[in-house]
2 protein chains.
Amino acid sequence: MQIAVLLYEGFTSLDAVGPYEILSRLPGAETVLVAKTAGPVRNDQGSLALVADRALADVPRPDVVLVPGGPETRRAMHDPEIRAWLRTADATSTWTTSVCTGALLLAAAGLLDGRRATTHWLAREELRALGAEPTAERVVFDGKYVTAAGVSSGIDMGLHLLGRIAGDDAAMTVQLLTEYDPRPPYDAGSPEKAPAHLVAHWRGQSAADPG
Amino acid sequence: MQIAVLLYEGFTSLDAVGPYEILSRLPGAETVLVAKTAGPVRNDQGSLALVADRALADVPRPDVVLVPGGPETRRAMHDPEIRAWLRTADATSTWTTSVCTGALLLAAAGLLDGRRATTHWLAREELRALGAEPTAERVVFDGKYVTAAGVSSGIDMGLHLLGRIAGDDAAMTVQLLTEYDPRPPYDAGSPEKAPAHLVAHWRGQSAADPG
């Protein structure tokens, strides 16, 4: 099984690395970071670069496609090479997945038409405009399409997906070894729970959606 | 404020990127990935490389030191250059922090003598042997030393630390924007909660501790 993680300039690092950390531990799987050209790809903050070990053209038929989000998704989704690769890879994939605004990229490639999907809470209407049916759930399965909400939700998606691929024991093993027993010090992780003034502030500038 | 994330061959990617994603969003902070030499540094799975933008010698006085774990911590902790950098950086840091077995590295550099600290659940006795007082907590503050348990716990640590540095609103903003409202599909993230046969299996081969 080959798992391909798409990188593009301005991706959000945890979107990619959260589910990577879970899925790359699947015994026997080959995980490969891919981008238009092989080499370093810088993130949205500018202070981190991940290395794409392979170019898109070298990974035409991954079993799992994973697309992270980021503010630059809006640029990447108009890139004909990225769109073409997503369509090609999706044609033979077992699972096509996204985290955060990565769903916009899948939708822009025409892969989420009429499908239930999730994305960053600030990007739901953008996702709807691209033909999907956005929901407020954290992880959404619609056939082979699996989408996760903002940034950190990719970890939950990774565990869901690993359970489907390899069974509950395999997924619980990875949860145990990554000690994923979350205890955030605040309960502000969704627009329903966070202080209203913070939510209102960010809704007011959703063009700057950070993730 | 300068935040330095230490990389070394065989680090665990989420150990570094989890707290990076939180702390790098601190307004006005400069976050820099550092290693013995600048350039790509490969992780424990072998399928991911992060780029160290600076060499250790170029970042002698970070305000925050962040040390990820990984199976290769045991090799890194005997590296005189890494130990010397940790001691130098710690001499002027405001916060010295670790995730997972990164605590072994801090302890091996003599920075956790007699201090309460946490690490991956499989590495607690190793941490004790290096002079610290291991606890089973997820995030431990002892003075300016902040340690987190296995892999994913670095995200919780990042939020705790961001709250101390920049206040609750800043930390809750980052929690909201990264949509950190975790909902793992299993409740197997600690040895107390995971199925006993999985815990027993891994206790039996702790030399292969993956974190």
Side-chain angles (χ1 to χ4, degrees), chain A residues 5 12-14 16-18 20-21 24-25 30-33 40 45 47-51 53 100 120-122 138-139 149-153 155-156 159-160 163 168-169 171-173 175-191 193-195 198-199 201-202 210-211, chain B residues 12-14 16-18 20-21 24-25 30-33 40 45 47-51 53 100 120-122 138-139 149-153 155-156 159-160 163 168-169 171-173 175-191 193-195 198-199 201-202 209-211:
Chain A
V5 181
T12 297
S13 53
L14 186 57
V17 173
Y20 166 88
E21 189 65 63
S24 67
R25 294 171 181 248
E30 177 207 11
T31 309
V32 57
L33 278 55
Q45 307 289 326
S47 52
L48 180 150
L50 273 172
V51 178
D53 284 321
C100 200
H120 193 282
W121 62 276
L122 281 169
R138 191 158 172 85
V139 176
V151 189
S152 63
S153 63
I155 300 173
D156 292 333
L159 284 172
H160 276 282
D168 292 343
D169 260 26
M172 287 192 289
T173 293
Q175 185 179 8
L176 174 62
L177 294 178
T178 57
E179 222 165 326
Y180 185 47
D181 183 24
R183 255 170 282 167
Y186 308 95
D187 191 16
S190 76
K193 295 174 173 178
L198 297 181
V199 176
H201 172 80
W202 289 99
Chain B
T12 297
S13 53
L14 185 57
V17 173
Y20 166 88
E21 188 66 63
S24 67
R25 293 171 182 247
E30 179 208 11
T31 308
V32 57
L33 276 57
Q45 307 288 327
S47 51
L48 180 149
L50 272 173
V51 177
D53 284 321
C100 199
H120 193 281
W121 62 277
L122 282 168
R138 189 157 175 86
V139 176
V151 189
S152 63
S153 62
I155 300 172
D156 292 334
L159 284 173
H160 276 282
D168 292 342
D169 260 25
M172 287 192 288
T173 294
Q175 184 179 8
L176 174 62
L177 294 178
T178 58
E179 221 164 328
Y180 185 46
D181 183 24
R183 256 170 279 168
Y186 308 95
D187 191 16
S190 77
K193 295 174 173 178
L198 297 180
V199 176
H201 172 80
W202 288 98
D209 160 23

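Lettering of chains follows the sequences in order, A, B, ..., and the numbering in each one begins at 1.
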* Among A:L33, A:V32, A:L48, who wins on heavy-atom pairs under 4.5 Å with chain B? -> A:L48
* NZ on B:K193 to CG on A:D181, rounded to 0.5 Å -> 3.5 Å
* Structure fact -> Between B:L14 and A:E21, the two heavy atoms sitting closest are N-OE1, 2.8 Å
* **Options A:P40, A:P185, A:G18, ranked by heavy-atom pairs under 4.5 Å with chain B, top entry** => A:P185
* Asked: Do the side chains of A:L198 and B:D169 get nearer than 4.5 Å, heavy atoms only?
  -> yes
* To do: Report yes if some heavy atom in the side chain of B:L50 is under 4.5 Å from a heavy atom in the side chain of A:V17; otherwise report no.
  => no
* Structure fact -> A:Q175 and B:D187 have their tightest heavy-atom pair at OE1-N, 4.0 Å
* Option in B:D156, B:V139, B:D168 with maximal non-hydrogen atom pairs under 4.5 Å from chain A -> B:D156
* To do: Please check if the side chain of A:W121 supplies one atom and the backbone of B:L176 the other of a donor-acceptor pair under 3.5 Å.
  => yes
* To do: Under 4.5 Å heavy-atom distance to chain B, tell me which part of A:P195 shows up: side chain, backbone, both or neither.
  => side chain
* Asked: Quick one: of B:S24, B:G163, B:A171, who has the most non-hydrogen atom pairs under 4.5 Å with chain A?
  -> B:S24
* To do: Please answer whether the main-chain N or O of B:E179 pairs with a side-chain N or O of A:H120 as donor and acceptor at a distance below 3.5 Å.
  => no
* Heavy-atom pairs under 4.5 Å with chain B, option from A:T178, A:D53, A:T173 with the top count -> A:T178
* Asked: Highest number of heavy-atom pairs under 4.5 Å with chain B: which of A:M172, A:E30, A:R138?
  -> A:R138
* Non-hydrogen atoms of chain B under 4.5 Å away: do they reach the side chain of A:V199, the backbone, both or neither? -> both
* Asked: When rounded to the nearest 0.5 angstrom, what is the spacing between CG in B:L159 and OH in A:Y186?
  -> 7.5 Å
* Structure fact -> Honestly, the part of B:A194 sitting under 4.5 Å from a heavy atom of chain A is side chain
